[in-house]
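Naming convention: chains lettered A, B, ... in sequence-line order (proteins, then strands); numbering from 1 in each chain.
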Amino acid sequence: MDSRKTVRMAISDKMYYVLRIAVLVLALFLFFPGLNPAKVSGIINRNLSLFTTGISYGDLANGFGRAIGRGWITEGSLRLLQISSVIVCLGIAACVAGACMSLGNIRMKKAGNLALTAGNLVGFLGLGGIYLAYQKMLQSSNPDRIQPIFPNGFWVVCGLFVCILAVTVVQAALLKGQAAEKKFEIASKYRLFLMFLPFIVLIALFAYLPLWGWRYAFFNYEVGDTLTMDSFVGLKWFQELVRNPATVRDILRVLRNTLAMSGIGLATSWLPMLFAIFLNEVKNLRFRRVVQTFTTIPNFISWVLVYGVAFSVFSTEGFVSSMLVNMGIWEQGQNLLMSGEYTWLKMWAWGTWKGIGWSAIIYIAGISGIDAQLYDAAMVDGAGRFQRMWHITLPGLLPTFCVLLLMSVGNILSNGMDQYLVFENATNTDAITVLDLYVYKLGIGGGRIPLTTVVSMLKSIVGVALLLVTNNVAKLTRDGESIV
Amino acid sequence: MAKKTTGRKFRLKTGDIIFNVLNYLVFGIFTLACIFPFYYLFINTISDNEMVARGVISVIPRGIHFDNYLAMFKVGDLIRAFGVTVGRTVLGTMLMVGASGFVGYLVTKQEMWARKFWYRFMVVTMYFNAGLIPWFLNMQMLGLTNTFWAYIIPGIVAPYNIVLVKTYIESIPRELEESAQMDGASHLTVFWRIIWPLSKPILATVAIFGAVGHWNSFTDSLILMQSASNLYTLQHRLYMYLNQSTNLEAVMKSGGQMGEAAMAAVLSGKVIKYTVSMVTVIPILIVYPFMQRYFEEGIMLGAVKG
């Protein structure tokens, strides 16, 4: 008898895997617009997922204004569709809860089966509602404009529900003879995991799901199109990147700007260290404190505000122009921000103005960690101020410097777009457009989604490769310690 | 701080004096360069507007008044942008800090099912992202574009902050937690009663950085709110105001004709721009001196991890 029970439990455990996977897939249906089982009309935005259909009537009805106005379809049908979607969502939620409960003890599992059954029934109810709404679409007085579609997702969801229901019934049978505990319980390891699960979902949605967008790199796609296999073009956009002369020219120019500005940044990355070393020579503590406080503030204002500051100082009516005009040196004010000369250096200067005080903090802390006896010993030996800086302070800070340098090498292609976007104007656009800005302007502004997806994709891959390389270099030079 | 008191015994040599003078001078000038623009902006927003237009206010404010700030209250777009920014800063920071504390605690629990895998699953996202366009398409697919939640939900889980909190929690003596568990406290009780209060210093640091990030955010408003101008953030509005005049000036530069009304718009535009800049920067300037300690702790913690 006992052995039969254990066998039954073993079967039950295995079957729960099937159930959990089915529920996971079902949960994904909530968020994938392509699989939306409620997309029963061509007018419904193809970017709507089941979840959005349920929670936002506005998004659903968007585009139906004319149809409702002309009486092709009643508002009630749309409401029905929305409410049915909510019901399906609730059913799926109950299934998810049931699947989570299946990780617990027998008592918990039994309750979980109830939740799953209830979720199924609710789900079927909602699907019925959607089917009804579809029928209403079919009966519309103007089916050509309403374009009723029977969504593929509908059958898949149906199938999943049936599958889950079947497994649940079998589970109920398997668990029937098992003695249930007095308390609901889930083993500690699973309980911790379940508490983590909502956050895992968020990570998956916002950090991993965007990878699904990489598929746009292989399709012909204009904003507003539907992605179908007809528009699959393979590596066309990758080839465009190296074959189309105009694109090649743009990319080369943008890469030159990106690498130049990153390069200037790298070449001067020792400046914060110098800042810290010389600040350390300031013996008046109050003065030092003031310097530190005020030079770190620019780090905490946005690039837009930096531009606001730049505007107040260097524009036609700004500080510099007003001063020079009032002193009679200039005839009239000039807008120094509009000039296209030395763009790279200017951008570097703004970056330094914003960041140097902040970057220096880490070195200032590093200096305070250097053994004071070293300095005393050096002074006894007659070392001067600069000798002490060179032979004691600098070597003490070099390890930190190297790590930071390696990390910035890994980020050489990502210099962000905020700074360049705000400072960009007609005269400096050739020199200021970096990779990130180029992607933004061409993709979001110009709607050239596939090409910019290719660029995004390549940039991500190169970024990871660089990171791995620098990390390995760091490991070699720092006795196996990595930087990430 | 490594103090070298022995140096005081010797008489200062001429070289030292020159060095000190130069050193103080350079730092003095740079500090001034960091703070003067804010001062300049400020005095130009509170001085007599006519004088500001003539460009004679450069160091000392004259004809002090606060009409410009009062006028800002009448600009509906600006008030709304201010509300949106305050809303996202408060709500977004609260959720992010709560999540960072809780997840930071969870990932220290060795017994969690597949802990290593899920921890890596999270940490990897710090070093890798799909790129701007796929990110945008994803937000669109999830139906978050043109909604306030696009500001909040993606920022709840901040892996970098979670790692900071986790490192901090690991330094809390295990015995505290174990004795509580001995008394039958659940994970949630342990977290709420012991871990959360004890990790307040690091949570404060994380909160400060989160809040500054939200306050300064600009690109998400620019990219995700294309057809919801009522959800623009303050920084986005400021960007628009600043940009508007650039266009006007471009017209002037190219020698195009401009009516007097347009000219007046440029002039008062300058004051508007200055005032909006001030409104945007004042919260940071006020908060910063009090929170400096937390800011500096933040960068040090990051360094220890790195």
Does any heavy atom of chain B fall under 4.5 Å from the side chain of [X], the backbone, both, or neither of them?
X: A/Leu202; answer: side chain
X: A/Ser414; answer: neither
X: A/Leu103; answer: neither

Looking at [options], which makes the most heavy-atom pairs under 4.5 Å with chain B?
options: A/Leu194, A/Thr295, A/Leu30; value: A/Thr295
options: A/Phe287, A/Trp303, A/Tyr216, A/Phe51; value: A/Phe287
options: A/Asn411, A/Asn284, A/Thr400; value: A/Asn284
options: A/Asn299, A/Asp418, A/Ile356; value: A/Asp418
options: A/Val290, A/Val422, A/Ile203, A/Ile461; value: A/Ile203
options: A/Val464, A/Leu209, A/Asn326; value: A/Leu209

Calculate, to the nearest 0.5 Å, the distance between atoms [atom1] and [atom2] belonging to [X] and [Y] respectively.
X: A/Thr452; Y: B/Ile133; atom1: OG1; atom2: CD1; value: 4.0 Å
X: A/Leu205; Y: B/Ile153; atom1: CG; atom2: CD1; value: 9.5 Å
X: A/Lys459; Y: B/Asn129; atom1: NZ; atom2: CG; value: 6.5 Å
X: A/Phe311; Y: B/Asn243; atom1: CZ; atom2: CG; value: 10.0 Å
X: A/Ile301; Y: B/Thr280; atom1: CD1; atom2: OG1; value: 10.0 Å
X: B/Ile57; Y: A/Ser322; atom1: CD1; atom2: OG; value: 10.0 Å

Pairwise side-chain contact, [X] with [Y], heavy-atom cut-off 4.5 Å (strictly under):
X: A/Tyr440; Y: B/Thr219; value: no
X: B/Met141; Y: A/Trp212; value: yes
X: A/Ile200; Y: B/Val157; value: no
X: B/Leu142; Y: A/Phe206; value: yes
X: B/Asn138; Y: A/Phe31; value: no
X: B/Phe128; Y: A/Ser460; value: yes
X: B/Leu32; Y: A/Phe294; value: no
X: B/Asn20; Y: A/Lys283; value: no

Sort [X] into side chain, backbone, both or neither according to what part of it lies under 4.5 angstrom from a heavy atom of chain A.
X: B/Phe218; answer: side chain
X: B/Val103; answer: side chain
X: B/Ile162; answer: neither
X: B/Gln292; answer: side chain
X: B/Tyr274; answer: side chain
X: B/Gln226; answer: side chain
X: B/Val107; answer: side chain
X: B/Ile156; answer: side chain
X: B/Leu188; answer: side chain

For residues 33-42 of chain B, tabulate all N or O donor-acceptor pairs below 3.5 Å that involve a side-chain atom, not counting sequence neighbours.
| from | atom 1 | to | atom 2 | distance (Å) |
| --- | --- | --- | --- | --- |
| B/Tyr39 | OH | B/Val59 | O | 2.7 |
| B/Tyr40 | OH | A/Phe319 | N | 3.3 |

Check your understanding: How far apart are the C-alpha atoms of B/Leu222 and A/Ile444, what are their side-chain angles, what is the distance that settles it, and do they pass the side chain to side chain contact (heavy atoms under 4.5 Å, CB included) test?
Key -> CA-CA 10 Å; B/Leu222 186 74; A/Ile444 308 284; over 6 Å; no

Point to revise | Trace of the ring pair (Phe, Tyr, Trp, His ring centres under 6.0 Å) decision for B/Phe19 with A/Phe386 | key: CA-CA 10 Å; B/Phe19 175 87; A/Phe386 291 103; 5.4 Å; yes

Do [X] side-chain atoms and [Y] backbone N/O form a donor-acceptor pair below 3.5 Å?
X: A/Asp59; Y: B/Gly143; result: no
X: A/Trp214; Y: B/Ala130; result: yes
X: B/Tyr127; Y: A/Gly463; result: no

Which class fits the ring pair [X] and [Y]: parallel under 30°, tilted 30 to 60°, perpendicular over 60°?
X: B/Tyr288; Y: A/Phe300; answer: tilted
X: A/Phe275; Y: B/Phe30; answer: perpendicular
X: A/Trp358; Y: B/Phe209; answer: tilted

Considering all heavy atoms, the nearest [X]-[Y] contact:
X: A/Val304; Y: B/Gln235; answer: CG1-O, 3.6 Å
X: A/Phe199; Y: B/Ala99; answer: CE2-CB, 3.6 Å
X: B/Leu132; Y: A/Ser456; answer: N-OG, 3.9 Å

Check your understanding: A/Leu192: what forms a side chain to side chain contact (heavy atoms under 4.5 Å, CB included) with it, not counting sequence neighbours?
Key -> A/Ser188, A/Met195, B/Leu106, B/Lys109, B/Glu111, B/Met112, B/His187

Review point. Looking at the rings of A/Tyr307 and B/Tyr239, which for Trp means the six-membered one, are their centres under 6.0 Å apart?
Key: no

Exercise for review: Determine, step by step, whether A/Phe278 and B/Val26 satisfy the side chain to side chain contact (heavy atoms under 4.5 Å, CB included) criterion, reporting the C-alpha distance in whole Å, the side-chain angles of both residues, the deciding distance to 0.1 Å, and the verdict.
Suggested key: CA-CA 10 Å; A/Phe278 276 89; B/Val26 170; over 6 Å; no

Practice item. For chain A, find which of B/Trp135, B/Phe136, B/Trp215, B/Trp118 contributes the most heavy-atom pairs closer than 4.5 angstrom. Key: B/Trp118

